[in-house]
Amino acid sequence: MSVLAADPTYETFVLNMGPQHPATHGALRVKLVMDGEYIVEAEPVLGYIHRMHEKMGENRTYHQYLPNPSRLDYLSAMACTHGHVATVERAAGIAVPERAEYLRVITVELNRVSSHLLWLGAFVLDLGGFTPLLYAMDDREQILDLLERVTGSRLTYCYFRFGGLYNDVDDDFVDGARALVKRIRDKMPMYHNLITKNVILRQRLEGIGPISAEMCRKYGATGPVARGSGIPYDVRKHEPYSVYPEFDFDVPVYEQGDSMARYLVRMDEIEQSLRIVEQGLDKLPEGPVMAEKVPKIIKPPKGDYYCAVEAARGSFGIRLVSDGTNTPYRLKLRSPCFSNVSLFGEAARGLLLADAVALFGSLDLVIPDIDR
Amino acid sequence: MKAADVQKSLAAVAGVQVGAVDYAARGFHVDVTLPSQEITAVVQVLDQEGFFIESITGVDWLGEQEALAKEAAKQAAAAKKAAEKAAAEAAEQAAGEAPGDAGAVAAPAAEPPPAPAPEESPEPEEDSFEVVYDFNHFRELCRVTIRVRVPRSLPELPSISDIYPGANWHEREAHDFFGLVFTGHPDLSPLLLPEDADFHPLRKDYKP
């Protein structure tokens, strides 16, 4: 508690934002100490939907844990499951066929676009603009339909297996993905005209909720939050995994560090993801989607392993400690939103309450990913 | 490149063991083991080098010392057996080489060897928690893993939340799950668990 807030003659009041609040998009509570309309202290209170996924990791075999990671960040579930299978594959030394890696990249990037589209709609909704949500949901629905065809689920995918994929895609998927890339690419100028150029939106975002590069470093913020503060950190480029080195794409970086910068990073990332999907469809090799020799019971050698992937909200990492048996000894989930929200208290200090909502939305938080 | 620099500057801190790791197989570059009182000094070095904090977590090594003692006893028994066998073979060989002295040599060998006094197996050392800190660098690819061991009966170590404010929540989470006590931490109240939680679910002896 700051000196001001502790002073009994200084008039402040406590305002609870959440746990049931439309702008938190989930059960997150922020305890705000207010001086009129200005925030003196902001303290996120977590744990409302904590499910102890890490303990579940310790009492299930590697295969039994496959559905869990997609319940963390359910909006970019594909990337979470990618992180999980990549960690176990690294630990157990399982090679993945090239076609499977390409399809992983394609589905992860489609999922990233759908995640960013939902964020776009919800973010503008928080700021009082209702119309963009309807457009964004429409486009997102097309992606979900396409992914549902191959994975069987709309959000909580369990498509990746150790050593490959659950099943191969058909020509309809490839055609559908091509049509989708064109559709969303054609829509982007409309989004920019409707939202980015909107003067009300610009005034709500420009210069609001600045986050410095140093703050990102001290709090471990990654993903679009870090890239909006001038840090060109993207796990796909920085620490290439899967077949990402074979794709030509850029990492959008903005220096300003305000909410507008984070907005622009995500808007640019949609185009970059579409580029990756397009190249992936062009280069998609023939062949099996599952490695031939994957042991039925996976027992990685003793030791600990780390693997990170770029999820839609930042670096999602798993630290796996194996004791040589068929269940992990310890499975630590490093979720991007946990680190990203931890800087909210510092970034929101001194902001207007309405601007804190803009800052909050620009962090793009998914609560199950924070609480795990 | 960065990994080598960091290894050098970390090795300068007293009591720190630094090792390079095969990145392709394990996923990180530098593995650092150190006593708990050195953690702030090491983290300050990483802060100066511009690292960012990925996470802090724990691993409960309950039963590790017992397993180690068992393993050691097993190895000792095997070594003893091998030595006895070698001695017997040597004696046999000696007997074969010198038939004249056969009686003299054979006589002591026939005697059953005195049973070794049942050694008091030393009390196994106390099990410990491993606290794992992960750091990474925004500009150059270099993941640093720091390991600190603290005894299970007194799981205390200094907090680094004044160096990296982001460590605040990670330490609170580690306190929730393992009961680790970070001295100097401003507020160790439960973060993810219910606010009245007095249990630590990731301890291996936790029974719900």
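Just so we're clear, the structure is a prediction, and the values are computed from it rather than from any experiment. Reckoned from all heavy atoms, side chains included, excluding hydrogens, waters and symmetry mates. A note on names: the letters A, B, ... follow the listed sequences, proteins ahead of strands, and every chain is numbered from 1.
For A:Ile49, no part lies near chain B; criterion is any non-hydrogen pair under 4.5 Å. In this structure, the portions of A:Phe338 lying under 4.5 Å from any heavy atom of chain B include both its backbone and its side chain. In this structure, chain A has heavy atoms under 4.5 Å from both the backbone and the side chain of B:Arg139. When heavy atoms are compared at a cutoff of 4.5 Å, A:Leu343 does not approach chain B at all. Neither the backbone nor the side chain of A:Asp234 comes within contact range of chain B, judged by heavy atoms closer than 4.5 Å. Residue B:Ile160 does not touch chain A at all, counting heavy-atom pairs closer than 4.5 Å. If you measure heavy-atom distances from B:Arg147 to chain A, the contacts under 4.5 Å come from the side chain alone. Heavy-atom distances place both the backbone and the side chain of A:Pro44 under 4.5 Å from chain B.
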Problem - Worked check of side-chain contact (heavy atoms from CB on, under 4.5 Å) between A:Leu46 and B:Arg172 - result: CA-CA 11 Å; A:Leu46 316 184; B:Arg172 264 174 88 181; over 6 Å; no
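Annotation: maximal heavy-atom pairing with chain B below 4.5 Å, among A:Glu58, A:Arg334, A:Met52, A:Glu346, occurs at A:Arg334. If you tally non-hydrogen atom pairs under 4.5 Å between each of A:Glu214, A:Met215, A:Glu54 and chain B, the highest count goes to A:Glu54. Counting heavy-atom pairs under 4.5 Å between each of B:Pro186, B:Ser55, B:Gly50 and chain A puts B:Gly50 at the top. For the options B:Leu192, B:Leu191, B:Asp31, B:Leu193, heavy-atom pairs under 4.5 Å to chain A are most numerous at B:Leu192. For chain A, the option among B:Tyr164, B:Trp169, B:Phe52 with the highest count of heavy-atom pairs below 4.5 Å is B:Trp169.
A salt bridge is defined here as a Lys NZ or Arg NE, NH1 or NH2 lying under 4.0 Å from an Asp or Glu carboxylate O, and B:Asp47 with A:Lys218 meets this definition. Using a 4.0 Å cut-off between a side-chain N of Lys or Arg and a carboxylate O of Asp or Glu, A:Lys332 and B:Glu173 qualify as a salt bridge.
Between A:Tyr329 and B:Trp61, the two ring planes are parallel [angle under 30°; tilted spans 30° to 60°].
Side chain to side chain, A:Arg319 and B:Thr145 meet the donor-acceptor criterion of an N or O pair below 3.5 Å.
Cation-pi geometry between A:Arg90 and B:Tyr23 is satisfied (NZ or CZ under 6.0 Å from the ring centre, within 45° of the ring normal). Remark: A:Lys55 fails to qualify as a cation-pi partner of B:Phe177 under the 6.0 Å distance and 45° angle criteria applied to the six-membered ring.
Of the possible polar contacts, none joining the B:His170 side chain to the A:Ser339 backbone as a donor-acceptor pair under 3.5 Å is found. Of the possible donor and acceptor atoms, one in the side chain of A:Arg330 sits under 3.5 Å from a partner among the backbone N and O of B:Gly58.
Within the 4.5 Å cutoff, no side-chain heavy atoms of A:Tyr306 are placed close to those of B:Val132.
Nearest approach of A:Glu239 to B:Asn136, heavy atoms of both residues: OE1-ND2, 4.5 Å.
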